[in-house]
Amino acid sequence: MSSGLRDSFGREIRDLRISVTDRCNFRCLYCLPETEEASNFYRATRGKQEGEPAPEKIRYTWKPRKEILTYEEIHRFVSIAASLGVEKLRITGGEPLLRHELPRLIQGLSQIDGIQDLALTSNGFSFARHANALKEAGLNRMPFSLDSLDPVNFHKMTGRNGLEEVLESIQLAKRLSFEPIKVNAVVIRDMNDHELEALVEFGRSQGIVMRFIEFMPLDAGKAWQKEKVVSRDEMLEKLCSRFDLVALPQKHAAETAQRWRHADGRGEIGIVAPVSAPFCGHCNRIRLTADGQLRTCLFSHHEHDFKSLLRQNASDQALEDLLVHAVRGKEKGHSIGQASFVQPDRTMSFIGG
Ligand code: SAM
Ligand code: SF4
């Protein structure tokens with residue numbers, strides 16, 4: 001089916017990411033840093049000085065619950081988007097597993113005509129409690145985030161002691177056949193770049209696809225620096241000196257990850273390089289924030305207010321019209337690293353990665 005959602009550059013929108021909450025139980029320093037010090041991890045990496053007081057915690061102001069879209073409102077939005085050609089859904093956040101009765105949302109969404117793929121991105125910490133219900137509700141895929149295999153570094157990067165729980169969740173997802181299991185790691189210079197090879201070995205031994213993501217300027221601390229980005233080429237050079245990797249063809253033009261397989265047939269890796277090798281030209285994604293605002297780019301400075309329309313009981317036609325209009329204005333691309341780049345006010349935890 002040709003998409004009714006085509007932007008002014010000819011890109012057809014097929015992929016919708018929905019943030020169901022802005023809250024999170026982790027404090028990843030590249031997303032929602034726990035303290036000013038963690039946010040500014042240049043200082044954080046020098047280690048604590050003797051007699052230094054504990055750094056003050058940052059208090060985030062979460063959106064009041066009444067401003068967050070209900071499951072019924074999300075369902076209605078997705079039905080309209082699917083009727084216009086959206087086929088792929090990814091539920092994200094914040095940490096989506098913190099949202100009450102999430103399987104109820106998943107079950108409803110999995111039954112919408114036209115939806116072919118339904119995934120949920122999670123830090124995995126509380127997956128065990130919800131795993132069976134999510135599977136029964138019709139969830140197809142479960143990508144996890146895992147930046148480090150070292151408990152001390154894991155804590156440094158996520159602000160929490162949760163490595164064991166996340167590793168157990170990955171095993172559980174395997175047992176429940178949420179295949180293929182993809183695990184995303186944001187790679188940051190001097191934080192976890194020394195763990196690249198170990199993460200690849202982990203993926204190989206577990207039959208998991210590891211995907212390495214370049215650090216993007218979407219952190220709440222606005223501490224992003226180009227120098228902290230480990231580029232695709234740098235990651236690849238490092239990995240190729242250790243592993244025999246063979247490039248794989250793209251599955252489709254809008255794929256975010258470039259993929260390689262191990263020459264011995266045991267395993268695959270991906271690199272997502274929005275900073276050093278932007279893929280905006282084929283981007284087929286739009287994002288709905290937890291408070292019902294549509295963003296046509298991760299780096300948008302403008303949002304389209306669907307919450308108000310949904311709450312005014314607007315007609316399907318009115319919702320369709322706004323969606324078509326919003327998509328038509330989708331940005332050509334981002335300008336990370338250029339002098340003209342301005343970091344959006346909303347952070348990754350709100351937009352939904
Ligand atoms: N809490 C869930 C999780 O961590 O998987 C879902 C939401 S999180 C915002 C979605 C993805 O965005 C995660 O894979 C996370 O690593 C990634 N992410 C967050 N901040 C990022 C940043 N500044 N640069 C690149 N990726 C980022
Ligand atoms: Fe939470 Fe995910 Fe952001 Fe980490 S990346 S703070 S787990 S939303």
Side-chain angles (χ1 to χ4, degrees), residues 17-35 38-39 41 58 60 62-63 89-99 102 119-127 130 141-148 154-163 165-166 169-170 173 181-189 191-192 199 209-226 228-232 235 256-257 270-276 278-279 285 287-290 295 298-299 334 336-337 341 343-344 346-353:
R17 304 194 171 189
I18 305 169
S19 170
V20 292
T21 178
D22 56 329
R23 294 165 198 240
C24 192
N25 46 357
F26 278 18
R27 291 290 179 275
C28 301
L29 50 74
Y30 50 77
C31 183
L32 278 176
E34 173 116 75
T35 59
S39 153
F41 45 83
I58 300 175
Y60 290 102
W62 311 122
K63 279 270 167 191
L89 293 183
R90 186 186 288 185
I91 308 303
T92 176
E95 175 47 43
L97 294 181
L98 294 186
R99 182 87 188 245
L102 191 66
L120 173 75
T121 304
S122 167
N123 62 31
F125 185 78
S126 46
F127 176 64
H130 309 281
R141 292 191 299 112
M142 189 69 218
F144 291 99
S145 299
L146 172 66
D147 305 317
S148 171
F154 183 95
H155 184 279
K156 208 165 170 184
M157 292 197 73
T158 63
R160 296 289 178 269
N161 288 319
L163 178 60
E165 286 83 350
V166 177
S169 293
I170 293 172
I181 295 175
K182 292 185 183 158
V183 173
N184 297 317
V186 178
V187 183
I188 300 184
R189 192 178 311 287
M191 288 299 308
N192 64 343
L199 285 162
V209 178
M210 279 303 308
R211 294 204 307 189
F212 301 106
I213 306 175
E214 289 178 352
F215 177 29
M216 287 183 276
L218 288 168
D219 52 316
K222 300 205 168 174
W224 183 89
Q225 293 274 310
K226 201 158 193 241
K228 289 284 161 182
V229 178
V230 182
S231 72
R232 172 198 62 186
M235 289 190 226
T256 52
I271 299 182
V272 183
V275 181
S276 71
F279 34 81
R285 288 170 290 285
R287 293 176 156 85
L288 186 66
T289 64
R295 297 176 65 88
L298 266 178
F299 298 95
H334 65 66
I336 300 175
F341 178 78
Q343 181 166 340
R346 301 259 228 178
T347 60
M348 191 62 135
S349 61
F350 217 107
I351 301 167

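The figures that follow rest on heavy atoms only: side chains count, while hydrogens, waters and symmetry mates do not. Order of listing sets the numbers, starting from 1, for every ligand and every atom in it.
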Check ring pair (Phe, Tyr, Trp, His ring centres under 6.0 Å) between H334 and all other residues, then give those that pass, not counting sequence neighbours.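 H334 satisfies ring pair (Phe, Tyr, Trp, His ring centres under 6.0 Å) with F299 only.
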Pairs of nitrogen or oxygen atoms closer than 3.5 Å, one from [X] and one from ligand 1: do any exist?
| X | result |
| --- | --- |
| Y30 | yes |
| P96 | no |
| S145 | yes |

To which protein heavy atom is [atom] closest, and what is the distance rounded to 0.1 Å?
| atom | value |
| --- | --- |
| atom 19 (C) of ligand 1 | M348 CG, 3.2 Å |
| atom 11 (C) of ligand 1 | G353 CA, 4.2 Å |
| atom 26 (N) of ligand 1 | V186 CG2, 3.5 Å |

Which atoms of ligand 1 have any heavy atom of [X] under 4.0 Å away?
| X | result |
| --- | --- |
| F215 | 23 (N), 24 (N) |
| E95 | 1 (N), 2 (C) |
| M216 | 22 (C), 23 (N), 24 (N), 25 (C) |
| E214 | 25 (C) |
| N123 | 2 (C), 3 (C), 5 (O) |
| T92 | 6 (C), 7 (C) |

Do V20 and I18 pass the side chain to side chain contact (heavy atoms under 4.5 Å, CB included) test, and can you show the C-alpha distance, the side-chain angles, and the key distance before you say yes or no? CA-CA 6 Å; V20 292; I18 305 169; 4.2 Å; yes
Apply side-chain contact (heavy atoms from CB on, under 4.5 Å) to K63 and list each qualifying residue two or more places apart in sequence or on a separate chain.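 Expected list: D22, E67, I68, D291, R346, F350.
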Polar protein atoms (N, O or S) that approach atom 3 (Fe) of ligand 2 to under 2.8 Å: C31 SG
Any heavy-atom pair between the side chains of [Y] and [X] that's under 4.5 Å?
| X | Y | result |
| --- | --- | --- |
| M235 | V187 | yes |
| R295 | T289 | yes |
| I170 | V183 | yes |

The one among C24, G93, G94 that brings a heavy atom closest to atom 1 (N) of ligand 1: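 The option holding the nearest heavy atom is G94.
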Under the criterion side chain to side chain contact (heavy atoms under 4.5 Å, CB included), I'd like the reasoning laid out for D219 against T347: C-alpha separation, chi angles, the key distance, then a yes or no. CA-CA 6 Å; D219 52 316; T347 60; over 6 Å; no
Looking at S145, S148, C24, C28, which one forms a side chain to side chain contact (heavy atoms under 4.5 Å, CB included) with T158? C28
Test N123 against E95 for side-chain hydrogen bond (donor to acceptor under 3.5 Å, both in side chains), laying out the working first. CA-CA 7 Å; N123 62 31; E95 175 47 43; 3.2 Å; yes
With E214 via salt bridge (Lys or Arg N to Asp or Glu O under 4.0 Å) - residues at least two apart: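 Salt bridge (Lys or Arg N to Asp or Glu O under 4.0 Å) check on E214 returns nothing, list empty.
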What part of T121 sits under 4.0 Å from ligand 1 if we count only heavy atoms: the side chain, the backbone, both or neither?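 For T121, backbone and side-chain atoms both sit under 4.0 Å from ligand 1.
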Within reach of ligand 1, part of S122 (heavy-atom separation under 4.0 Å):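 Answer for S122: backbone.
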Look at the aromatic rings of F341 and W224 and report parallel, tilted or perpendicular, splitting at 30° and 60°.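 Aromatic pair F341/W224 classed tilted.
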